[in-house]
Student: 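My questions will all concern the structure given below.
Letters A, B, ... are given to chains in the order of the sequence lines, protein chains preceding strands, and every chain is numbered from 1.
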Protein chains: 2
Amino acid sequence: MDNLQKERGELIEFSGIHFASTYNIPPLAARILALLIIDGCKSGLTFESLVEKLSASKSSISTNLNLLLKMEKINYFTIAGDRKKYFKASPLSERLLNYKKMLEAEKFLVNKMLHYREQTITCPQEKCNLENVKAYKNHIEEMEELFVKTIAEFKIIEIDNNNNNQ
Amino acid sequence: MDNLQKERGELIEFSGIHFASTYNIPPLAARILALLIIDGCKSGLTFESLVEKLSASKSSISTNLNLLLKMEKINYFTIAGDRKKYFKASPLSERLLNYKKMLEAEKFLVNKMLHYREQTITCPQEKCNLENVKAYKNHIEEMEELFVKTIAEFKIIEIDNNNNNQ
DNA sequence: CGATTGGTTCGCAAATCACCGAACCAATCG
DNA sequence: CGATTGGTTCGGTGATTTGCGAACCAATCG
């Protein structure tokens, strides 16, 4: 019981650090995201509860919530006759999309590199280098395929889950 | 000819931005890395030439070179009877390793999350959530396999290339 | 109407970062 | 030996980031 609380604390802390560095977001935004993933999965968390749980100011919570919304890392829903917004983390499939975007950036770069290299081959060593870049590009494309496949699978699971819970 | 120079410039600029954000390194470090990938692939670049080409101070170049060395994004070799160090970007397989590390961090997180969730199931919706996380974990493991496979393939190509060029 | 609630916006202050110049060190050269 | 070369270390500074409080706004309540 007490142990579970400790586990929860560590989970939030670690998630926070992880999100801050991989998504390049401020620490508080990362902590909000972590909290929404861990505690907000059922019914979402309100603005107020985030202010309390993270003991941060209203302004900081507001700014960082809007940042996360714009990044589509979170979303919110409302209840009729209730002025509050209930925030939730985006489904896991969104997280996969993020990695996919990183791959796309890498692919774009590799393509540019390839185009440049093709025009500047002057010695056998550079030819090897070219082959290397081509192999790297191949790998990225393989990864991309796997991603597209998995994201599709995932979306189905998530829709299914949603239907079961309504 | 002139066009090629323009392409080179754009390539360096874009690579710089990409590396700075995906590796979380200072702009200058990112530009050094970009330059080493594009110009340094043959015979490496010296400290001096980096200072000139990037028109940065010796101290900044020194600091950022050491950062990149520590991160294993670059390496250097020396030539007998020459005090200079020749810096090169690490082979592409190193870049794959970086993505693998990110996956590992994500896996670690998901495992923690899973362990916590298993202890806190109280309603059917949470059960769905658990299934979701498990599916996500599966995906990560699939990706990891693909990585291990490709990195191995890559290492072979690289060793091969090296032998051909000696 | 005024009071309350839920949330935003706007400076501002503290902390951190990125880069610089100058002084410095260690190895080699003449 | 002193001069030069290749590179490091240190203190500082301007720019950026992160979070805060206070004032504010818009919607609802009594």
Student: I want to verify a distance call: between D/dT8, C/dC20, D/dG19, whose nearest atom is closest to the B/Ala56 side chain?
Tutor: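 Of the candidates, C/dC20 comes closest.
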Student: Name the orientation class of the two ring planes belonging to A/Tyr86 and A/Phe77 (parallel below 30°, tilted from 30 to 60°, perpendicular beyond 60°).
Tutor: parallel
Student: Where the side chain of B/Phe47 is defined as all heavy atoms beyond and including C-beta, which of D/dA27, D/dG7, C/dC19 is the nearest nucleotide?
Tutor: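 Of all the options, the side chain of B/Phe47 is nearest to D/dG7.
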Student: Mark yes or no for a side-chain to base donor-acceptor pair under 3.5 Å between A/Ser59 and D/dG21, with no hydrogen or angle criteria applied.
Tutor: yes
Student: B/Ser62 has a side chain; which of D/dT9, C/dA18, D/dG19 sits nearest to it?
Tutor: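 Nearest listed nucleotide: D/dT9.
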Student: Ignoring hydrogens and angles, does a donor from either the side chain of A/Arg83 or the base of D/dT28 sit under 3.5 Å from an acceptor on the other?
Tutor: no
Student: Of B/Lys101, B/Lys107, B/Lys100, which meets salt bridge (charged side-chain N to carboxylate O under 4.0 Å, His left out) against B/Glu104?
Tutor: B/Lys100
Student: Any side-chain N or O of B/Ser60 under 4.0 Å from OP1/OP2 of C/dA18?
Tutor: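 Result: no.
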Student: Look at all strands and tell whether B/Lys84 reaches a base, only sugar-phosphate, or nothing, counting heavy atoms closer than 4.0 Å.
Tutor: sugar-phosphate
Student: Using Watson-Crick pairs (N1 to N3, plus N6-O4 or O6-N4) and G-U wobble pairs, both distances under 3.5 Å, which stems of at least 3 pairs involve DNA chain C?
Tutor: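 Paired runs of 3+ in DNA chain C: C:1-30 with D:1-30.
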Student: I'd like to know whether CD of A/Glu131 has more than 12 heavy-atom contacts from other residues, nucleotides or ligands below 6.0 angstrom.
Tutor: yes
Student: Do B/Lys84 and B/Phe47 meet the cation-pi criteria used here (NZ or CZ under 6.0 Å from the six-membered ring centre, within 45° of the axis)?
Tutor: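 The answer is no; the distance or angle limit is not met.
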Student: Taking the side chain of A/Pro26 as its heavy atoms from C-beta onward, which of D/dG6, C/dG7, D/dT18 lies nearest to it?
Tutor: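 Per side-chain heavy atoms of A/Pro26, the pick is D/dT18.
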Student: Within the 4.0 Å heavy-atom criterion, would you say B/Leu28 contacts the bases, only the backbone, or no part of the nucleic acid?
Tutor: sugar-phosphate
Student: Classify the ring geometry of A/Tyr76 against A/Phe87: parallel below 30°, tilted from 30° to 60°, perpendicular beyond 60°.
Tutor: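 Tilted: the ring planes of A/Tyr76 and A/Phe87 meet at 30° to 60°.
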Student: Whether B/Asn66 contacts D/dT8 is assessed here as follows: a side-chain N or O lying under 4.0 Å from the phosphate OP1 or OP2. Is that the case?
Tutor: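 Yes.
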Student: Among the nucleotides D/dG21, C/dT8, C/dC19, which one has an atom lying closest to any side-chain atom of B/Arg31?
Tutor: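 Of the candidates, C/dC19 comes closest.
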